[in-house]
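In what follows, every heavy atom counts, from backbone to side chain, and hydrogens, waters and symmetry copies are set aside. Below, read A as the first sequence line, B as the second, and so on, with proteins coming before strands; counting in each chain starts at 1. The model shown is predicted, which means the values in this text are computed figures rather than measured ones.
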Amino acid sequence: MRRYNPTEIEPKWQQIWADDTRYQSKDFDARPKYYVTGMFPYPSGAGMHIGHFFEHSIVDAVARFRRALGHNVVYPMGWDSFGLPAENYAIKTGTAPAVVTKQNIANFKNQLTRVGASIDWSREINTTDPEYYKWTQWVFTQMFERGLAYQKESLQWWCPVDKTVLANEQVEAGRCWRCGTEVEKKSMKQWFFKITEYADELLEEIPNLNWPEKIKTAQANWIGRSQGAEIDFAIDGSDDTITVFSTRPDTLFGASFLVLAPEHPLARKLATDEMRESVHSYIDEAVKKSEIERQSEGKEKTGVWTGSYAINPVNSEQAPIWVADYVLGGYGTGAVMGVPAHDERDFAFAQKFELPVVRVVVQDFGSILPDSVNVTGPVVIGYDPNTKEFMSLRNKNVNDRRWLVAGGLNEGESYEEAARRELKEEAGFSDIVKLISLGEPTNSYYYNSNKNSNRRSHSFTFLAILDKDLQGEQQQESNENYEVVWGSSADIEEDFIKEKNTSTEDGISHWIEAIQRARQAAEAYDANETYKPNIYSGEGSLINSGVFDGMSSSEAREEIVAWLEQQAVGRSKVTYKMRDWLISRQRYWGAPIPVIHCDEHGAVPVPTQDLPVVLPEIEDYAPKGDGKSALARQTDWVNTTCPTCGKPAQRETDTMDGYACSSWYLLRYTDPHNDEQAWDPKKADYWSPVDMYVGGDHAVAHLLYVRFWNHVFYDLGLVPVKEPVKQLVYHGLIQAEDGTKMSKSKGNVVDPLEVIDAGYGADALRTFELFLGPINENSSWSSKGIAGVYRFLNRLWTLVQEYDESDKSGVIDAKKLESLTHQTIKKVTGDVNRLSFNTAIAGLMEHVNELYKLKTNGFTPEWQVPLEALVQLVQPFAPHMAAELWQQLGHDTQLDFVEWPTWDDAKIASDAMTIIVQVNGKLRAKLEVASDASDDDIKQAALADAHVQQFVGDKKPTKVIYVPGRLVSIVV
RNA sequence: GCGCGGAUGGUGGAAUUGGUAGACACGAGAGACUUAAAAUCUCUUGCCGUAAAAGGCGUGCGGGUUCGAUUCCCGCUCUGCGCACCA
């Protein structure tokens, strides 16, 4: 018998695959195309790790599955090889980055071969190859001509160690994403791509993407579209105006101050003589501060008054103008209106600097009813700190405790006075230790049948600290109807929630809110703290807002903006969080930005026929901290002539962000060797979009840029669809055995080649990585676990060997064998389709276990077909073994293109089925019945079952439910 | 703080539309083979209970809907990730 020896068969098949062209995809083939790949890696010196292998296990399983389904599969591969590690290595050692890169690529490629990935190497690309970056540069010139690439002097994040500018996406918590150094701000002239022009389009397409929700929301948040309004505030005694951006123009009447970002152009100018010095020094400090310093100060607000006032356009009231760094210069207009009553940040600021708080929105409970008459008054909840009990009222007529002390405001009475009065009348308490206001007022809506009108009950809620033993007489009417009861807040709340679940009156949540606030206030009282009510920043009804009073905030938003527009002091406005994409890098190892600076013609793009602008070979790669790349010192290279006028001119010395190179590589795969154009649109037509793109990194940056470029290409007529990636698969990480992240420094990295060479082989490694769990979740490596998968492969191997060597004269239950096989084909096919590889493999294991039971009666010739199917099913996971066994089963065809097995439901079905019987929802019996038994017969059989009878007994079943093919549920 | 996920045996995980919770695997235990070990094969394995059954309890916690809930609804707790003073 041949032993399973992956170290022998795997290299053999890898050689066969490398020697023929079976994995080379054909353009314009009549079969349906399937384009699948993983995110191309940066070829680091460390080699591929277990995560790369995981990614390719997924891609390769899908590629092999699709090939067997009859698709023209392309599984291309390439190298994202521009980047800092190679350059830093070059600075240290003087070795040209191109040399190191070449070595690393060879290493990666060898590793990929050793997993048995069915890659079409004829399409291999490399971003550092001039043949490739020629077209990256060409895309830049296209962008430039459409006004989508532009140069701008701006303050930029600067990493003092890597000596380069960083994009917003490359700054993580105020630190450089590469080296972790605190970043600084530096003003420089930089190149940008105008991604903001596509913000709306990119956002609109998100819902149509078959991508993980997580990524889609991350992208939507990143784009950060805000619908709002710009509002112009005149400045008292000046011709300047300040325009603020707000998503809540409905709160305009509550704007009691304005705040400018330190970077705001008017910030210094508006400082009055007395305030000039403090304003200027505040701004100087703020601008100097790094992001990390601003953040480390937490939420503590700082700021300074300019001494000037703005005029609120709706009510002509004066609003002091402040400068504070909690307002961001780069977002909106760099100025906001302070509405402390309805914005937490403004509230904190107002508290600190004692600015007025004007409440203009009241929270509504229940749906707003038309023509509501306002009734106002307090709601009071009693609390006895000695017993920690809360007081409510029990309604004697309906016998529930979901009533609180509440009432209307008498003429001239304050809420607090009314609260005390009601507490005495309704509950009999006149000694109140303390009356605590529970913050923001609320509205609740109801219909008053006595008065035949809708009511809006506008109430303030109070917590009354009481001693429950000091209860006096209730007023007679109250006494007749209500009894004072005490209990935990949860008890009371429960009664209200019960009511809420059964009642149609949605205003009930108003009372629940009151109780929750009361509980918080009581906890604060017990802890001897002051209760700090939350400010209300949600939707509601307007108050203190002139003619807009009573409107819902959503309605008022429109009405107020309409009014502002009519007065020409405001306008509806959409703002995005996303900024333009900064692509300039002051580094050597990148694609040179193809621009020539001419004194006369400014920035001129290099004409297509002069591309590529090739990176010159140099001696010293190190940047000198002057904000320029090493290229700037290559005067021979820098000095050139203007393409427009031919006069002396200089080359741009910045290189492009690596993300630019990776933003179009998926298209280059469709036509990788074209030296006439970036790709032939006909080929892109055939292959686009990518059917499945697999990765586990870059939720926003890369995946947004790829989309952005493809949208641009679509507008240029170069691609057939707007969206480049149909389905995105985002896999989790494989962590170390202890559940922590694998890292070189921790020394817990599992080397995939070591696992293969230890004798487990690539098939076991691939299969195990897919068996660990759902691919979109993180999982942990397990050295024991891979042994289990190896055992399974070994059992499968042995099964075929035994069949091969047997005289095939056994006894066999052919029907069982067939049914099992079809069942497994169905399961594995379905599971692989939905990328549930772990359950597909489990199904295969189960199948092999069953076959082991069947083989105890020996083999027969009928085993041939089921074994062939099994080998086919295992092929996406363990292709080497599958190829070997396929051959051993007597085939000289390429298994890759043998049609995937199909199943027949009729062959899965058996004559008998198991019906479970439940009595009152509990499992009591299992019945074996004929598949064609009638519903009534099954019900009768269920009732007749002795065990079921034990539970039914003399009681008469009130209901017998039969779910066909599944269960009988009896209710007694 | 906001957004998006997740919580199931000793462990990783399964249950695709509300219908036998714990597939499959690891670990553990027992047996067969062996002089012995490894490998291999077979069996047991959620908890309580029992000689064995019967029975009871069980999918983070508290409620609800339903004949029936891991699955749906309401309210919490913990946890992972993303964004984070974005007005």
Side-chain contact, heavy-atom cut-off 4.5 Å: A:I535 with A:V357? no

Name the pairs: protein N/O against N/O of nucleotides 56-60 of chain B, kept only if under 3.5 Å.
unit_1	atom_1	unit_2	atom_2	d
B:G56	OP1	A:R924	NH2	3.1
B:G56	OP2	A:R924	NH1	3.2

Which whole-number value in Å describes the distance from A:N221 CG to B:C85 P? 13 Å

For the side chain of A:T839, counting heavy atoms from C-beta on, which of B:C24, B:A15, B:A87 is nearest? B:A15

Whichever of A:G843 and A:L772 has its nearest RNA chain B nucleotide further upstream toward 5': A:L772

Please classify the nucleic acid contact of A:G332 as base, sugar-phosphate, or nothing, using heavy-atom distances under 4.0 Å. nothing

What contact category does A:H947 fall into here, base, sugar-phosphate, or nothing, at under 4.0 angstrom with non-hydrogen atoms? sugar-phosphate

Roughly how many Å apart are B:C61 and B:C78, using the C1' atom of each and rounding to a whole number? 10 Å

Any base atoms under 4.0 Å from A:V336, or only sugar-phosphate, or nothing? Heavy atoms, all strands. base

Below 4.5 Å, heavy atoms only, C-beta onward: do A:S246 and A:V336 meet side chain to side chain? no

Answer whether the closest heavy-atom distance between the side chains of A:N312 and A:M337 falls below 4.5 Å. no

From the list B:A14, B:C85, B:A84, which nucleotide is the closest neighbour of the side chain of A:Y326? B:C85

Using a heavy-atom cut-off of 4.0 Å across all strands, would you classify A:R791 as base, sugar-phosphate, or nothing? sugar-phosphate

Answer whether the closest heavy-atom distance between the side chains of A:I206 and A:I223 falls below 4.5 Å. yes

Heavy atoms under 4.0 Å, any strand shown: does A:S779 hit a base, just sugar-phosphate, or nothing? nothing

Tell me which nucleotide among B:A87, B:C24, B:A14 gets nearest to the side chain of A:M845. B:C24

Just label B:G49 as syn or anti from its O4'-C1'-N9-C4 or O4'-C1'-N1-C2 angle, using within 90° of 0 for syn. anti

Any non-hydrogen side-chain atom of A:V259 less than 4.5 Å from a side-chain atom of A:F349? yes

Starting at OH of A:Y536 and ending at C1' of B:A87, how long is that distance when rounded to a whole Å? 17 Å

In whole Å, what separates the P atom of B:A38 from that of B:A53? 31 Å

Nearest to the side chain of A:K784 - B:C85, B:G27, B:C41? B:G27

Expressed in whole Å, how much space separates the P atoms belonging to B:G60 and B:U16? 16 Å

Taking for each residue the nucleotide of RNA chain B with the nearest heavy atom, is it A:A261 or A:Q950 whose nucleotide lies nearer the 5' end? A:Q950

Return the nearest nucleotide to the side chain of A:T247; candidates are B:C4, B:A14, B:A87. B:A87

Distance, rounded to the nearest Å, where A:K826 contributes NZ and B:U16 contributes P: 14 Å

Expressed in whole Å, how much space separates the P atoms belonging to B:A54 and B:U44? 16 Å

If you check every side-chain atom of A:R834, which of B:A25, B:A15, B:C4 has the closest atom? B:A15

Would one find more than 12 heavy atoms of other residues, nucleotides or ligands at under 6.0 Å from atom CZ of A:R3? no

P atom, B:C48 versus B:G58: distance in rounded Å? 15 Å

Mind calculating the distance between CD (A:E263) and P (B:A87) to the nearest angstrom? 17 Å

Show me the protein contacts with nucleotides 18-20 of chain B, counting only N or O atoms at under 3.5 Å.
unit_1	atom_1	unit_2	atom_2	d
B:G19	N2	A:Q918	OE1	3.0
B:U20	O2	A:K926	NZ	2.9

For B:C81, take OP1 and OP2 only and decide whether either is under 4.0 Å from a side-chain N or O of A:N778. no

Rounded interatomic separation in angstrom, taking CZ from A:F771 and P from B:C26: 8 Å

NA contact type, A:S246, heavy-atom cut-off 4.0 Å: base, sugar-phosphate, or nothing? sugar-phosphate

Atom-to-atom span, CZ of A:F877 to P of B:A25 - whole angstrom: 15 Å

With no hydrogens and no angle check, just 3.5 Å: does a side-chain donor-acceptor pair link A:E928 and A:T914? yes

Rounded distance in Å between the C1' positions of B:C67 and B:U20: 16 Å

Taking the side chain as everything from C-beta on, heavy atoms only, tell me whether A:V327 gets closer than 4.5 Å to A:L260. no

Distance, P atom - from B:A23 to B:G10, rounded to whole angstrom: 14 Å

Does A:K301 qualify as a cation-pi partner of A:Y326, given the criterion of NZ or CZ under 6.0 Å from the six-membered ring centre and within 45 degrees of its axis? yes

For RNA chain B, which ranges pair as stems of 3 or more consecutive Watson-Crick or G-U pairs, with both donor-acceptor distances under 3.5 Å? B:1-7 with B:77-83, B:10-12 with B:24-26, B:27-32 with B:40-45, B:46-48 with B:55-57, B:60-64 with B:72-76

Scan A:P212 against the nucleic acid and name what it touches under 4.0 Å (heavy atoms): base, sugar-phosphate only, or nothing. nothing

Between B:A25 and B:C33 - C1' atom distance, rounded Å: 25 Å

Sidechain N-carboxylate O distance under 4.0 Å for A:E737, A:K784: no

Just wondering, do A:F951 and A:N920 contact through their side chains at under 4.5 Å, heavy atoms? no

Reference residue A:F768; test ring pair (Phe, Tyr, Trp, His ring centres under 6.0 Å); the match among A:Y790, A:F54, A:Y760, A:W781: A:W781

Give a yes-or-no answer on whether the side chains of A:S572 and A:Q227 include a donor-acceptor pair shorter than 3.5 Å. yes

Is there a side-chain contact between A:V360 and A:H342 (heavy atoms, below 4.5 Å)? yes

At 4.0 Å (heavy atoms only), tell me whether A:S226 reaches a base, stays on the sugar-phosphate, or touches nothing. sugar-phosphate

A:T217 side chain: which of B:C24, B:G82, B:G3 is closest? B:G3

Answer yes or no: side-chain N or O of A:K577 and base N or O of B:C83 forming a donor-acceptor pair under 3.5 Å. no

Specify the separation, in whole Å, of atom CG of A:N833 and atom C1' of B:U16. 12 Å

Would you say A:R766's side chain and A:P876's backbone share a donor-acceptor pair under 3.5 angstrom? yes

So what does A:D831 touch, heavy atoms closer than 4.0 Å: a base, only the sugar-phosphate, or nothing? base

Whole-Å distance separating the CD1 atom of A:I206 from the P atom of B:G3: 17 Å

Look at atom NZ of A:K214 and say whether more than 12 heavy atoms of other residues, nucleotides or ligands are closer to it than 6.0 Å. no

Selected nucleotide, minimal atom distance to A:K959 side chain, candidates B:C24, B:U42, B:C67: B:C67

